[in-house]
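Here's the structure, in C-alpha coordinates; my notes come after.
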Amino acid sequence: MLRIENLKKFFGKNVILNKVNLKVNPSEIKVIMGLNGSGKSTFLKIIAGLIQPDEGQIFINDKDITKLDPEDRNIGYVPQHPALFPHLTVKENIYYSLKNKRGSKKLADQLVKMLDLEPYLEKKTDILSGGYKSRVSLARALVSQPEVILLDEPLSDLDLAIKEKLLEKFKEVLKFLNIPVIYVTHDPVEAQIIGDTFSVLIKGKIKEINSIEEAHQLMRKDL
Ligand SMILES: Nc1ncnc2c1ncn2[C@@H]1O[C@H](COP(=O)(O)OP(=O)(O)O)[C@@H](O)[C@H]1O
Ligand SMILES: [Mg+2]
(Lines give C-alpha, C1' and ligand atoms only; values in the text may rest on other atoms or scores of the structure.)
(Ligands and ions follow the chains in the order given, each with its own letter.)
Protein backbone atom coordinates (compact mmCIF):
# COMPACT_ATOMS: atom_id res chain seq x y z
CA MET A 1 0.00 0.00 0.00
CA LEU A 2 1.06 3.60 -0.68
CA ARG A 3 0.42 5.98 2.21
CA ILE A 4 1.07 9.71 2.32
CA GLU A 5 0.88 11.61 5.57
CA ASN A 6 0.73 15.35 6.18
CA LEU A 7 2.68 16.25 3.08
CA LYS A 8 3.50 19.94 2.89
CA LYS A 9 5.27 21.84 0.12
CA PHE A 10 5.93 25.54 -0.37
CA PHE A 11 7.27 27.25 -3.47
CA GLY A 12 8.45 30.54 -2.01
CA LYS A 13 5.54 31.81 0.02
CA ASN A 14 2.92 29.79 -1.85
CA VAL A 15 1.73 26.64 -0.16
CA ILE A 16 1.22 24.12 -2.99
CA LEU A 17 0.45 21.09 -0.82
CA ASN A 18 -1.01 21.74 2.60
CA LYS A 19 -0.90 18.64 4.79
CA VAL A 20 -2.01 16.19 2.14
CA ASN A 21 -3.03 12.68 3.20
CA LEU A 22 -3.70 9.83 0.79
CA LYS A 23 -3.86 6.05 0.74
CA VAL A 24 -3.81 3.87 -2.35
CA ASN A 25 -4.31 0.09 -2.12
CA PRO A 26 -2.68 -2.54 -4.33
CA SER A 27 -4.46 -2.74 -7.72
CA GLU A 28 -6.43 0.44 -6.96
CA ILE A 29 -6.28 3.08 -9.70
CA LYS A 30 -6.65 6.38 -7.90
CA VAL A 31 -7.40 9.28 -10.23
CA ILE A 32 -6.33 12.75 -9.15
CA MET A 33 -7.96 15.66 -10.93
CA GLY A 34 -7.37 19.37 -10.47
CA LEU A 35 -7.07 22.64 -12.33
CA ASN A 36 -3.88 23.65 -14.09
CA GLY A 37 -1.33 24.77 -11.56
CA SER A 38 -3.07 23.08 -8.62
CA GLY A 39 0.06 21.07 -7.80
CA LYS A 40 -0.65 17.65 -9.35
CA SER A 41 2.74 17.26 -11.01
CA THR A 42 4.53 18.56 -7.91
CA PHE A 43 2.71 15.96 -5.82
CA LEU A 44 3.82 13.10 -8.09
CA LYS A 45 7.40 14.41 -8.26
CA ILE A 46 7.56 14.43 -4.47
CA ILE A 47 6.37 10.82 -4.30
CA ALA A 48 8.89 9.86 -7.01
CA GLY A 49 11.67 11.59 -5.03
CA LEU A 50 12.47 14.29 -7.60
CA ILE A 51 11.36 17.09 -5.25
CA GLN A 52 11.76 17.09 -1.47
CA PRO A 53 8.70 17.95 0.65
CA ASP A 54 8.97 20.52 3.44
CA GLU A 55 7.05 18.27 5.82
CA GLY A 56 5.35 14.91 5.84
CA GLN A 57 6.07 11.28 5.08
CA ILE A 58 5.64 8.76 2.29
CA PHE A 59 5.32 5.06 3.06
CA ILE A 60 5.29 2.03 0.78
CA ASN A 61 4.07 -1.04 2.65
CA ASP A 62 4.80 0.75 5.93
CA LYS A 63 8.40 1.52 4.97
CA ASP A 64 9.25 5.22 5.20
CA ILE A 65 10.79 6.17 1.83
CA THR A 66 10.64 9.96 2.26
CA LYS A 67 14.41 10.42 2.37
CA LEU A 68 15.40 7.82 -0.23
CA ASP A 69 16.90 8.74 -3.60
CA PRO A 70 14.52 8.27 -6.57
CA GLU A 71 16.41 5.20 -7.83
CA ASP A 72 16.09 3.49 -4.42
CA ARG A 73 12.31 3.95 -4.14
CA ASN A 74 11.10 1.29 -6.51
CA ILE A 75 8.49 3.62 -7.97
CA GLY A 76 7.55 3.70 -11.64
CA TYR A 77 6.93 7.21 -12.94
CA VAL A 78 5.60 8.37 -16.31
CA PRO A 79 6.17 12.14 -16.40
CA GLN A 80 3.81 14.57 -18.11
CA HIS A 81 5.89 14.66 -21.32
CA PRO A 82 8.02 11.55 -21.19
CA ALA A 83 11.21 11.60 -23.24
CA LEU A 84 12.14 8.33 -24.89
CA PHE A 85 15.67 7.80 -26.17
CA PRO A 86 15.14 8.68 -29.88
CA HIS A 87 18.38 7.05 -31.07
CA LEU A 88 17.44 3.73 -29.43
CA THR A 89 14.91 1.19 -30.65
CA VAL A 90 11.64 0.40 -28.88
CA LYS A 91 13.25 -2.78 -27.60
CA GLU A 92 16.29 -0.94 -26.24
CA ASN A 93 14.10 1.70 -24.60
CA ILE A 94 12.00 -0.91 -22.81
CA TYR A 95 14.76 -3.35 -21.90
CA TYR A 96 17.14 -0.56 -20.84
CA SER A 97 16.51 -0.92 -17.10
CA LEU A 98 17.15 -4.67 -17.34
CA LYS A 99 20.75 -3.83 -18.25
CA ASN A 100 21.02 -2.12 -14.89
CA LYS A 101 20.14 -5.47 -13.31
CA ARG A 102 16.69 -4.38 -12.24
CA GLY A 103 13.44 -5.84 -13.41
CA SER A 104 12.43 -9.02 -15.07
CA LYS A 105 12.86 -10.13 -18.67
CA LYS A 106 9.71 -12.21 -18.36
CA LEU A 107 7.67 -9.19 -17.29
CA ALA A 108 9.18 -7.08 -20.08
CA ASP A 109 8.14 -9.72 -22.62
CA GLN A 110 4.61 -9.83 -21.15
CA LEU A 111 4.29 -6.04 -21.29
CA VAL A 112 5.44 -5.96 -24.90
CA LYS A 113 2.79 -8.53 -25.75
CA MET A 114 -0.03 -6.87 -23.82
CA LEU A 115 0.74 -3.47 -25.34
CA ASP A 116 1.00 -4.90 -28.90
CA LEU A 117 4.54 -3.64 -29.26
CA GLU A 118 6.06 -6.75 -30.86
CA PRO A 119 5.96 -5.43 -34.48
CA TYR A 120 7.72 -2.23 -33.38
CA LEU A 121 10.57 -3.65 -31.31
CA GLU A 122 13.33 -2.91 -33.83
CA LYS A 123 12.01 0.55 -34.79
CA LYS A 124 13.52 3.80 -33.51
CA THR A 125 11.11 5.57 -31.18
CA ASP A 126 11.13 8.91 -33.04
CA ILE A 127 9.10 7.42 -35.91
CA LEU A 128 6.29 6.18 -33.63
CA SER A 129 2.87 7.84 -33.33
CA GLY A 130 1.95 9.56 -30.05
CA GLY A 131 -0.13 6.59 -28.96
CA TYR A 132 2.70 4.12 -29.47
CA LYS A 133 5.16 6.43 -27.71
CA SER A 134 2.80 6.34 -24.71
CA ARG A 135 2.73 2.53 -24.79
CA VAL A 136 6.53 2.41 -24.79
CA SER A 137 6.70 4.93 -21.92
CA LEU A 138 4.32 2.81 -19.86
CA ALA A 139 6.19 -0.42 -20.56
CA ARG A 140 9.49 1.25 -19.72
CA ALA A 141 8.18 2.50 -16.38
CA LEU A 142 6.93 -0.99 -15.46
CA VAL A 143 9.74 -3.39 -16.44
CA SER A 144 11.67 -2.70 -13.24
CA GLN A 145 8.77 -4.24 -11.28
CA PRO A 146 7.95 -1.10 -9.26
CA GLU A 147 5.92 -1.30 -6.06
CA VAL A 148 3.93 1.80 -7.04
CA ILE A 149 3.23 3.50 -10.37
CA LEU A 150 2.59 7.22 -10.97
CA LEU A 151 1.22 8.53 -14.27
CA ASP A 152 1.10 12.26 -14.98
CA GLU A 153 -1.48 12.95 -17.73
CA PRO A 154 0.07 10.19 -19.86
CA LEU A 155 -2.48 10.43 -22.69
CA SER A 156 -3.29 14.14 -22.67
CA ASP A 157 -1.61 14.82 -26.01
CA LEU A 158 -3.67 12.22 -27.89
CA ASP A 159 -6.87 12.42 -29.93
CA LEU A 160 -10.02 11.25 -28.18
CA ALA A 161 -10.57 8.17 -30.36
CA ILE A 162 -7.03 6.89 -29.77
CA LYS A 163 -7.28 7.78 -26.11
CA GLU A 164 -10.39 5.68 -25.48
CA LYS A 165 -8.82 2.63 -27.06
CA LEU A 166 -5.55 3.09 -25.19
CA LEU A 167 -7.22 3.66 -21.83
CA GLU A 168 -8.68 0.15 -21.86
CA LYS A 169 -5.23 -1.25 -22.62
CA PHE A 170 -3.55 0.83 -19.94
CA LYS A 171 -6.16 -0.27 -17.43
CA GLU A 172 -5.62 -3.94 -18.27
CA VAL A 173 -1.83 -3.58 -17.88
CA LEU A 174 -2.06 -1.60 -14.63
CA LYS A 175 -4.47 -4.12 -13.10
CA PHE A 176 -2.16 -6.97 -14.16
CA LEU A 177 0.65 -5.43 -12.08
CA ASN A 178 -1.52 -5.44 -8.96
CA ILE A 179 0.19 -2.41 -7.35
CA PRO A 180 -1.12 1.00 -6.19
CA VAL A 181 -1.58 3.40 -9.12
CA ILE A 182 -1.95 7.18 -9.12
CA TYR A 183 -3.29 8.50 -12.41
CA VAL A 184 -3.33 12.28 -12.85
CA THR A 185 -5.63 13.78 -15.46
CA HIS A 186 -7.76 16.86 -16.02
CA ASP A 187 -9.98 15.01 -18.51
CA PRO A 188 -13.26 13.72 -17.01
CA VAL A 189 -13.78 11.14 -19.77
CA GLU A 190 -10.34 9.70 -19.13
CA ALA A 191 -10.92 9.73 -15.36
CA GLN A 192 -14.20 7.85 -15.70
CA ILE A 193 -12.78 5.09 -17.89
CA ILE A 194 -9.61 4.37 -15.96
CA GLY A 195 -10.36 5.26 -12.33
CA ASP A 196 -11.49 3.06 -9.45
CA THR A 197 -11.45 5.94 -6.96
CA PHE A 198 -11.39 9.68 -7.50
CA SER A 199 -9.98 12.72 -5.78
CA VAL A 200 -9.40 16.38 -6.49
CA LEU A 201 -6.40 18.50 -5.58
CA ILE A 202 -7.76 21.86 -4.59
CA LYS A 203 -6.24 24.67 -2.57
CA GLY A 204 -3.41 22.43 -1.44
CA LYS A 205 -5.69 19.65 -0.18
CA ILE A 206 -6.67 16.31 -1.67
CA LYS A 207 -10.37 15.62 -1.36
CA GLU A 208 -11.80 12.17 -1.92
CA ILE A 209 -14.93 12.31 -4.07
CA ASN A 210 -17.51 9.82 -5.30
CA SER A 211 -18.13 11.09 -8.81
CA ILE A 212 -16.64 13.14 -11.60
CA GLU A 213 -19.55 15.64 -11.26
CA GLU A 214 -18.45 16.31 -7.71
CA ALA A 215 -14.94 17.10 -9.00
CA HIS A 216 -16.43 19.61 -11.45
CA GLN A 217 -18.48 21.30 -8.77
CA LEU A 218 -15.48 21.63 -6.47
CA MET A 219 -13.21 22.95 -9.21
CA ARG A 220 -15.84 25.47 -10.41
CA LYS A 221 -16.20 26.77 -6.88
CA ASP A 222 -12.45 27.31 -6.77
CA LEU A 223 -12.35 29.46 -9.96
N1 LIG B 1 10.11 24.28 -9.35
C2 LIG B 1 9.16 25.20 -9.11
N3 LIG B 1 9.44 26.37 -8.50
C4 LIG B 1 8.49 27.28 -8.22
N5 LIG B 1 7.18 27.11 -8.51
C6 LIG B 1 6.83 25.98 -9.14
C7 LIG B 1 7.79 24.95 -9.47
N8 LIG B 1 7.14 23.93 -10.07
C9 LIG B 1 5.84 24.29 -10.12
N10 LIG B 1 5.64 25.51 -9.58
C11 LIG B 1 4.36 26.19 -9.40
O12 LIG B 1 3.58 25.38 -8.52
C13 LIG B 1 2.23 25.32 -8.93
C14 LIG B 1 1.83 23.89 -9.18
O15 LIG B 1 2.47 23.40 -10.35
P16 LIG B 1 2.24 21.94 -10.93
O17 LIG B 1 2.54 20.98 -9.84
O18 LIG B 1 3.00 21.81 -12.18
O19 LIG B 1 0.67 21.95 -11.21
P20 LIG B 1 -0.25 21.02 -12.15
O21 LIG B 1 0.55 19.81 -12.50
O22 LIG B 1 -1.46 20.72 -11.32
O23 LIG B 1 -0.62 21.83 -13.34
C24 LIG B 1 2.13 26.22 -10.15
O25 LIG B 1 1.69 27.50 -9.72
C26 LIG B 1 3.54 26.27 -10.68
O27 LIG B 1 3.77 27.47 -11.35
MG1 LIG C 1 1.05 18.99 -14.35
Side-chain angles (χ1 to χ4, degrees), residues 2 4-24 29-58 65-71 73 75-84 130-131 133-134 137-138 140-141 146 148-160 162-163 166-167 170 174 180-195 197-209 211-223:
L2 171 68
I4 288 141
E5 286 189 356
N6 290 319
L7 206 70
K8 202 159 187 177
K9 180 67 191 173
F10 286 90
F11 282 133
K13 284 183 182 159
N14 297 330
V15 61
I16 306 298
L17 301 168
N18 193 0
K19 300 218 167 214
V20 165
N21 294 293
L22 192 73
K23 277 184 195 165
V24 190
I29 303 179
K30 162 89 62 197
V31 164
I32 299 183
M33 285 174 277
L35 296 172
N36 252 330
S38 60
K40 304 181 298 299
S41 294
T42 304
F43 183 55
L44 293 193
K45 284 179 195 163
I46 290 175
I47 301 171
L50 304 170
I51 297 180
Q52 273 301 310
D54 294 312
E55 286 176 31
Q57 267 118 30
I58 304 159
I65 60 146
T66 318
K67 301 276 186 242
L68 294 184
D69 289 336
E71 57 274 20
R73 291 187 179 207
I75 290 180
Y77 171 54
V78 181
Q80 199 159 358
H81 302 288
L84 298 167
K133 282 185 179 149
S134 310
S137 302
L138 180 66
R140 192 177 62 169
V148 166
I149 173 94
L150 312 171
L151 302 115
D152 196 351
E153 311 205 24
L155 306 178
S156 60
D157 298 335
L158 303 178
D159 295 325
L160 186 62
I162 297 172
K163 208 189 259 193
L166 259 189
L167 277 165
F170 269 46
L174 294 170
V181 180
I182 298 186
Y183 191 103
V184 163
T185 179
H186 62 256
D187 178 344
V189 178
E190 211 174 315
Q192 193 71 67
I193 296 175
I194 199 131
T197 54
F198 307 96
S199 52
V200 189
L201 180 49
I202 206 157
K203 291 190 177 131
K205 295 275 188 196
I206 285 190
K207 291 197 173 114
E208 300 285 327
I209 48 167
S211 68
I212 309 291
E213 288 76 49
E214 211 179 327
H216 272 305
Q217 283 165 11
L218 284 171
M219 286 191 275
R220 256 201 303 271
K221 251 197 247 167
D222 192 39
L223 286 174

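Counting convention: from 1, in listed order, for ligands and their atoms alike.
Inter-residue side-chain proximity for Leu84 and Ser137 is flagged as met; some heavy-atom pair is nearer than 4.5 Å. Taking 4.5 Å as the limit, every side-chain heavy atom of Lys205 sits out of range of all side-chain heavy atoms of Val20. Using a 4.5 Å heavy-atom threshold, the side chains of Ser199 and Ile32 count as touching. At least one side-chain heavy atom of His81 sits under 4.5 Å from a side-chain heavy atom of Asp157. Side-chain atoms of Glu208 and Lys30, non-hydrogen and from C-beta on, do get closer than 4.5 Å to each other. Counting heavy atoms from C-beta outward, Glu55 and Lys19 have side chains that approach closer than 4.5 Å.
Counting protein heavy atoms under 4.0 angstrom from atom 9 (C) of ligand 1 gives one or more. For atom 27 (O) of ligand 1, no protein heavy-atom neighbour is present inside the 4.0 Å cut-off.
Between Phe170 and Ser134, the shortest heavy-atom distance links the atoms CZ-O, 3.6 Å.
The nearest heavy-atom contact from the protein to atom 3 (N) of ligand 1 is Phe11 CD2, 3.6 Å. With respect to atom 24 (C) of ligand 1, the closest heavy atom belonging to the protein is Gly37 O, 3.7 Å. Nearest non-hydrogen protein atom to atom 16 (P) of ligand 1 is Thr42 OG1, 3.7 Å. With hydrogens left out, the protein atom closest to atom 19 (O) of ligand 1 is Gly39 N, 3.2 Å, a heavy atom.
Less than 4.0 angstrom separates some heavy atom of Leu35 from each of these atoms of ligand 1: 22 (O). Atom numbering of ligand 1 starts at 1 in the shown order; those under 4.0 Å from a heavy atom of Ile16 are 12 (O), 13 (C). Those atoms of ligand 1 with a heavy atom of Asn36 less than 4.0 angstrom away are 23 (O).
At least one N or O atom of Ser41, backbone or side chain, sits closer than 3.5 Å to an N or O atom of ligand 1.
Just one of Ile29, Leu22, Leu174, Leu2 meets the side-chain contact (heavy atoms from CB on, under 4.5 Å) condition when paired with Pro180; it is Leu2. Only one option out of Ile47, Asn21, Ile46, Val24 pairs with Ile4 in a side-chain contact (heavy atoms from CB on, under 4.5 Å); it is Ile47.
Under 4.0 Å from ligand 1, not a single heavy atom of Asp152 appears.
Counting backbone and side-chain atoms alike, Asn36 contributes no N/O/S atom closer than 2.8 Å to the Mg ion (ligand 2). Residue Thr42: no N/O/S atom is found under 2.8 Å from the Mg ion (ligand 2).
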